[in-house]
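Comments concern the structure below.
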Amino acid sequence: MQQISDYELELMKVIWANGDTALYAEIVAALSEKGMDWTKNTIITLLSRLIDKGLLKTNKIGHRNKYTAIVSEDEYQSSQTETFLHKVYEGNAKGLVSALIQKDLLSAADYEDLKKYWEDVKEGVSTQ
């Protein structure tokens with residue numbers, strides 16, 4: 001999956017949070033709520049890039065564009081995590097987890113939650 005900029009990611013987060021689809025006006029309103037008052041040209045340019053990169057598609061509804069995520073938030077996060085793991089830790093997940101624990105970014109409660117999740121997955125229990 002292609003890398004996207006931080007600004008493109010902000011647009012994707014807005015669209016994912018809106019049920020994977022959004023009209024331009026909904027995107028502008030959501031960005032404004034976050035204190036991101038971007039120009040129309042900036043938003044349109046970033047949306048066009050996301051379409052070119054295969055993360056979004058657009059449909060015309062009258063004179064308005066409806067943007068739909070082609071890639072889900074889970075798919076994007078999984079892809080980026082895997083890319084990061086290979087780039088920074090050479091695929092060594094244990095190294096990543098060790099770093100999270102050492103820097104207190106993974107608490108004991110988080111560890112227990114992950115352990116239960118792992119056990120549920122191994123037993124075939126739905127985690128959703």
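Between E73 and M12 the shortest side-chain heavy-atom distance does not fall below 4.5 Å. Residues L23 and E26 meet the side-chain proximity criterion, which asks for heavy atoms closer than 4.5 Å.
Checked by atom type and distance alone, the side chain of D110 pairs as donor or acceptor with a backbone atom of S107 at under 3.5 Å. With K57 contributing its side chain and I70 its backbone, the two residues share no donor-acceptor pair below 3.5 Å. Looking only at distances, a side-chain donor or acceptor of S78 sits under 3.5 Å from a matching main-chain atom of D74. With hydrogens and angles disregarded, a donor-acceptor distance shorter than 3.5 Å links the side chain of N92 to the backbone of K94. Between the side chain of W16 and the backbone N or O of V71, at least one donor-acceptor pair lies under 3.5 Å. For the pair E123 (side chain) and D120 (backbone), a donor-acceptor distance under 3.5 Å is absent. Remark: the backbone N or O of S72 is paired with a side-chain donor or acceptor of E75 at under 3.5 angstrom.
More than 12 heavy atoms of other residues, nucleotides or ligands lie within 6.0 Å of CD in E112, so this atom counts as buried by the packing criterion. Surrounding NZ of K34 are more than 12 heavy atoms belonging to other residues, nucleotides or ligands, all under 6.0 Å away.
Between K53 and E8, at least one side-chain nitrogen of the basic residue sits less than 4.0 Å from a carboxylate oxygen of the acidic one, meeting the salt-bridge criterion.
Between I15 and L56, the closest heavy-atom pair is CD1-CD2, 3.7 Å.
A donor atom on one side chain and an acceptor atom on the other are found under 3.5 Å apart for T39 and T42.
Atom NZ of K40 is separated from atom CD1 of I43 by 9.5 Å, given to the nearest 0.5 angstrom.
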